[in-house]
2 protein chains.
Amino acid sequence: METLNPPVHLNDPELKRSAAIAKALGHPARIAILKLLAQRDTCFCGDITEVLPLAQSTVSQHLKALKAAGLVTGEVEGVRTCYCLNPDGVKELKNLLSELSDELFDTCC
Amino acid sequence: METLNPPVHLNDPELKRSAAIAKALGHPARIAILKLLAQRDTCFCGDITEVLPLAQSTVSQHLKALKAAGLVTGEVEGVRTCYCLNPDGVKELKNLLSELSDELFDTCC
DNA sequence: GTATATTATCGTAATTAAACGATAAAGCAT
DNA sequence: ATGCTTTATCGTTTAATTACGATAATATAC
């Protein structure tokens, strides 16, 4: 049955935000970093670089991406930067996820 | 405190799978398509193209990406193709999400 | 058979992402 | 002050993404 749908606006802020959060998770290294941050209480860039098979500059780039997505905060502590999960961002992530879970019930035509 | 972590293997299948699913959601058009598929019972490429501000070939590409990620199935019905949410893929997505929700409790150093 | 409708694929262009090494900046130690 | 450590940024290269129009393929209609 033709349930006619209104046109979709790809610039809808909520839609864009959801995609941005998902995109930030769209690389194994970034998921790994988030999990590390959830486990450890120290979270300097160097600690992460030690554990990931990536160059320091690459890790720094991934951290920047996570920060831009609002999933992570970075507080300068002297010469180092302490990265942490951003509670607000994680909350948004969880909301996105549960919203999607609700909407994507299993149907098939 | 230095909770020393084992090295992370970015080729870990589960990690890669999680990232691949997230990546598939990492574009507004693809999230919109998934939501449409959840709402409508007809789900031909043309129906989606009608609603999205994108060319037919672009929509087809996004559908291909969703299919490659296992989130969508496409059954050929004569000259058209009927796209549906893939229950297995959606289940995986939900598992990923709840796993992440569990792991990413709010901490800060 | 000829035309029409539907979708996938090809070719292409522009943009973004991912990775690295090298370097700069800035704090800490001596 | 000099050197060491830590991290961000720059410059670069390679690869992937996104988008479009054009075309091919295939089923349906006439």
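Just so it is clear: chains get the letters A, B, ... in the order the sequence lines come, proteins before strands, and each one is counted from 1.
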CG on L25(A) to CG on L25(B), rounded to 0.5 Å: 9.0 Å
Any Y83(B) side-chain nitrogen or oxygen under 4.0 Å from OP1 or OP2 of dA8(C): yes
Nearest non-hydrogen partners of C43(A) and L37(A), listed with the distance: CB-CD2, 3.2 Å
Selection: residues 58-66 of chain A, any non-hydrogen atom under 4.0 Å of DNA chain C: T58(A), Q61(A), H62(A)
K67(B) NZ - dT7(C) P separation (whole Å): 13 Å
Residues that D12(B) engages under side-chain contact (heavy atoms from CB on, under 4.5 Å), provided they are two or more places apart: E14(B), L15(B)
Spacing of F44(A) atom CZ relative to dT6(D) atom P, expressed in whole Å: 10 Å
Sequence neighbours excluded, every pair satisfying side-chain hydrogen bond (donor to acceptor under 3.5 Å, both in side chains) that has a member inside residues 18-30 of chain A: R30(A)-H62(A)
Length of the CD-P vector between E50(B) and dT7(C), whole Å: 10 Å
From L93(A) atom CG to S101(B) atom OG, the distance as rounded to the nearest 0.5 Å: 6.0 Å
Atom of A38(B), atom of L104(A) and distance for their closest heavy-atom approach: CB-CD2, 4.0 Å
Set out, line by line, the N/O atom pairs under 3.5 Å between protein and nucleotides 22-28 of chain C.
none

Smallest separation among heavy atoms of N86(B) and G70(B), with atom names: ND2-O, 3.0 Å
Those residues of residues 10-23 of chain A lying under 4.0 Å from DNA chain D by at least one heavy atom: none
Atom pair distance, as rounded to whole Å: CG in L25(A) and P in dA17(C): 15 Å
Partners meeting salt bridge (charged side-chain N to carboxylate O under 4.0 Å, His left out) with K35(B) (sequence neighbours left out): E99(A), E103(A)
Rounded interatomic separation in angstrom, taking NE2 from H27(B) and C1' from dT15(C): 12 Å
A32(B) to V8(A) - nearest heavy-atom pair and separation: CB-CG1, 3.8 Å
Considering all heavy atoms, the nearest A29(A)-L52(A) contact: O-CD1, 4.4 Å
Candidates dC20(C), dA18(C), dA8(C) - which lies nearest the side chain of C45(B): dA8(C)
Phosphate OP1/OP2 of dT26(D) contacted by R80(B) side-chain N/O (<4.0 Å): no
Where A24(B) and L71(B) come nearest, the two heavy atoms and their spacing: CB-CD1, 3.9 Å
L52(A) CG - dA19(C) C1' separation (whole Å): 13 Å
